[in-house]
Amino acid sequence: MILAVDTETTGTDYWHGCRPFLITMCDGQHNYHFQGTVDPYDRGSITYTQEDKKEIQRLLDEAQVLLFHNSKFDLHMLEEYGFKINHLWPKIQDTIIAHHCLSSGESHALKYLAFKYMDYDNKDEELLEVAVKQARISNKDFDIARAGHHTFPGLSAGERIKWWKMDYWLCPEECITYGLSDVERTWGLWSIFYAALTDLDLIHQYKVRMQLVQIAYKMEKVGYHIYTEDIKDEIAYLKDLQEGLIVQIRKETGLVGDFDPNKPEHLSRFLFNVLELTPTQFTEARGTPSLAKGAIEELIRENETVKALQLFQRYKIAGTQIGYLNSYLKWTCANDRIHSNVFITGTRETRQAYRDPNLQNIDKRLRHLFGPDNGYVWLDFDLVNIELRIWVYQVGNKELVAAFNKGESVHLLIAKQLYPTEYAACEASNTPFNKRYKDTLYQWVKNGNFAIIYGATERKADETYRLKGAYSLIAKRFPEVPAYTTSVIQEMWDNFEEYHWPHVTCLGGYKLDVPTDEPFVACNYKIQGSAGWIIGEAMVNVTKDPMYLSSNAKLIQQVHDSLVIEVKEENHSQELVDSIKKSIEAAGLKYIPTCEASYEIIKNTQVPF
DNA sequence: TGCCAGCGCGCG
DNA sequence: AAAGCGCGCGCTGGCA
């Protein structure tokens, strides 16, 4: 029996007390629903009858296939409520994961898909929306969803939140229709998607991605440890710094009156009236001095000696950092851990995304505020040059391939081509080019190389290399480079013609949609998608690694080309590190001739109490 | 006040 | 004919 399951909940943050108040199921013949009673004055408190609880667990246990649309979410909800879910993993299927395999570039929203593939209308959702919005108005004394509520502390007023969606519980009757419709949708879509996956020979790719769901589930559960007190100190420090900077700016410039550098009018007055800078760029619409990023950068560049501008820049950086840190604090649980959502289908390729909060974009200057808890060590592995490496082997130029095979730098090889004179001078004086020109020529070469991988053609590549004619030099010396870009775009068009599906196939066999109106992205999708696939397989390998298992190590973070693993101090050994390193590299070696993982050991920097 | 779009910025 | 990719999130300002 294939049983589709869905939960309706009092919010999305199960780590802070949001809970399921309605569980619906559909086995293709019958629908089931189990309604909990929400305490209207304490939305986190929900009770089901003993019989219902038993029946829910029985149905979960006895189904042959358990089907979800976004299984990770519902399973967390069920588990946090008290149901046993650990033994269910082998029979779990997920229509979101399936649909991403089939249609990576499209929306995976349940209603959208059900309408598209089954003509299933959205009346249930429309009715529920009206009812809930009405109920929120007429039940103001209830514990309705609002910014700052303790069951979703991370969601704040300014964000793009539809609060009414958290209050479905106000309309239990409409919810039953809605919840049952969702499991019918899910059940129906699965038979369509499963057939398509089989037809297209994508079952293997789907299964690997399903393994990632379980891995991500565990990662989310362990969480990412932060040093809460340090974060608070840092916020206080940055706020002081900002205040001091404003005082300095006032002293420096004689500025009086309101000054909020975040407000365009204030900023404009500051730059062009107080500092009396000469505007270099103007807005198209009104012809006023431009405050765009580029324009401000130009002003700062052209007025190096204006101290107030430097102070202003520092103020802006501090402001961004305060925003990040405040958000981390809001999401932090009592154990000083953040349980972000690892979003497997969060990108148009095979990468993963993080939400609530995003832990893939932590400011490097703030990294020290995260680290292992007392008694733990973090092992931070990095797949060295993974995208460049994949690209080089795909391009297949002999020299470039040889560079990687010998462990030499491809960036330097290209630098030598673009700057022969400077390169020769470096060699003559025994100064490495990448040291001598670390922040200039070498950095620009690296930037340009990545631009090409990302699909840049002549104009943009030259601009990024900061060298006119760079692209044509490279094309001449490495003719396989432009040929590769062309061939990947051609692959997309060929697939469009043959299968009416414009896509490229990555290493690992995963197929990625390429929008026909942006064919130039094909190359990047293929490279990034292949790298994403490899890191995914690395995660699978690591979590099956015998040393990883026997050391009770835990994968806790993935940032595209890096994996962080947490292990108890007493279980940390060189043998463990070597074994994991090998497991990670094996994922790459399955598809390309070389693969290297580097690592760093991160210890607890906190002074023990 | 809520909603939306645009922009900027952090990471890879 | 021309085209540098992928994310999440906070802030601002316009609009109802």
Side-chain angles (χ1 to χ4, degrees), chain A residues 104-105 133 136-137 146-147 154-164 260-267 283 285 290-297 313 316-328 330-331 340-367 382-383 385-388 391 447-465 471 485-486 488-489 504 512 514-532 535 557-563:
Chain A
S104 58
K133 283 183 170 168
R136 272 165 64 89
I137 294 165
R146 58 174 195 279
L155 308 181
S156 54
E159 289 173 46
R160 300 161 208 217
I161 305 293
K162 289 179 172 156
W163 294 102
W164 60 270
D260 179 351
N262 296 316
K263 292 212 188 303
E265 314 95 84
H266 291 204
L267 182 55
T283 58
S290 171
L291 297 172
K293 183 188 145 100
I296 299 216
E297 276 170 358
Q313 219 175 7
K316 292 289 282 184
I317 291 170
T320 305
Q321 293 180 327
I322 291 169
Y324 275 69
L325 294 175
N326 274 329
S327 149
Y328 297 142
K330 281 191 294 185
W331 288 107
S340 293
N341 172 17
V342 183
F343 190 16
I344 303 291
T345 54
T347 71
R348 266 161 277 195
E349 13 82 351
T350 56
R351 278 184 169 189
Q352 294 151 41
Y354 268 62
R355 284 203 299 213
D356 302 336
N358 183 357
L359 290 181
Q360 289 180 318
N361 71 340
I362 299 171
D363 190 322
K364 284 174 172 164
R365 294 160 294 193
L366 302 174
R367 286 268 168 90
D382 203 283
L383 273 171
N385 278 336
I386 185 65
E387 287 191 5
L388 184 67
W391 179 74
N447 294 348
N449 293 346
F450 281 109
I452 291 186
I453 296 175
Y454 292 157
T457 44
E458 187 153 10
R459 187 192 61 81
K460 192 72 187 179
D462 284 3
E463 191 184 313
T464 312
Y465 278 116
Y471 188 79
T485 309
T486 313
V488 177
I489 295 171
V504 291
L512 295 176
V514 176
T516 49
D517 55 347
E518 293 174 281
F520 57 92
V521 302
C523 187
N524 178 250
Y525 276 31
K526 186 152 174 148
I527 301 297
Q528 215 183 86
S530 297
I535 196 83
Q557 199 198 23
Q558 186 263 51
V559 192
H560 311 309
D561 62 358
S562 82
L563 295 177

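Lettering follows sequence order; numbering is per chain, from 1.
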Out of B:dG10, B:dG12, C:dG6, minimum distance to the side chain of A:D363 belongs to B:dG10
Nearest-angstrom distance from the residue atom OH of A:Y454 to C1' of C:dC7
12 Å
Over all strands shown, is A:R146 touching base, sugar-phosphate only, or nothing at heavy-atom distances under 4.0 angstrom?
nothing
Residue matched to B:dC3 through Watson-Crick or wobble contacts both under 3.5 angstrom:
C:dG14
Grab the CG-P distance between A:N361 and C:dG8 for me, whole Å please.
10 Å
When we call it a touch if two heavy atoms are under 4.0 Å apart, what does A:S327 touch: a base, just sugar-phosphate, or nothing?
sugar-phosphate
Report the nucleotide, chosen from C:dA3, C:dG8, B:dG12, that has the shortest atom-to-atom distance to any side-chain atom of A:F520.
C:dA3
Check whether any side-chain N or O of A:Y354 sits under 3.5 Å from a backbone N or O of A:N361 as a donor-acceptor pair, and report yes or no.
no
Report yes if a side-chain nitrogen or oxygen of A:R365 is closer than 4.0 Å to either non-bridging phosphate oxygen (OP1 or OP2) of B:dG10; otherwise report no.
yes
Between C:dC7 atom C1' and A:N524 atom CG, what is the distance in whole Å?
12 Å
Under 3.5 Å, is there any donor-acceptor pair linking the side chain of A:N358 to the base of C:dG8?
no
The answer to which of A:V521 and A:D517 contacts DNA chain C further toward the 5' end, by nearest nucleotide, is A:D517
Donor + acceptor pair across side chains of A:Q360, A:Q557 (<3.5 Å)
no
Paired with C:dG4 by Watson-Crick or G-U wobble geometry, both distances under 3.5 Å: which nucleotide is it?
none
Check: A:T464 side chain, A:G448 main-chain N or O, donor-acceptor pair, under 3.5 Å
no
Please report, rounded to the nearest Å, how far the P atom of C:dG6 is from the CZ atom of A:F450.
16 Å
Side-chain N or O of A:K526 less than 4.0 angstrom from OP1 or OP2 on C:dC5?
no
Do A:W163 and A:R136 come close enough that some side-chain heavy atom pair is under 4.5 Å?
yes
Heavy-atom nearest pair, A:R348 first then A:G105, reads CG-CA, 3.9 Å
Starting at atom CZ of A:F343, determine the distance to atom P of C:dC7, rounded to an integer number of angstrom.
10 Å
Using whole Å, report how far CZ of A:R459 lies from C1' of C:dA2.
9 Å
Using a 4.0 Å heavy-atom cut-off, does A:L366 contact any base of the nucleic acid, only the sugar-phosphate backbone, or nothing at all?
nothing
Value in whole Å for how far the P atom of C:dG8 lies from CG of A:N341
10 Å
Measure from the side-chain N and O atoms of A:D462 to the backbone N and O of A:Y471, and report whether any donor-acceptor pair falls under 3.5 Å.
yes
Look at all strands and tell whether A:R348 reaches a base, only sugar-phosphate, or nothing, counting heavy atoms closer than 4.0 Å.
sugar-phosphate
What's the closest nucleotide to the side chain of A:T457 if the choices are B:dG12, C:dG4, C:dC5?
C:dG4
Regarding the side chain of A:K460, the nearest nucleotide among C:dG4, B:dC3, C:dC9 is C:dG4
What distance, rounded to whole Å, do you find between the two P atoms, one in B:dG12 and one in C:dG4?
23 Å
When all nucleic acid strands are considered with a 4.0 Å heavy-atom cut-off, which category describes A:P357: base, sugar-phosphate, or nothing?
sugar-phosphate
Nearest whole Å is fine: how far is C:dA2 C1' from A:Y471 OH?
13 Å
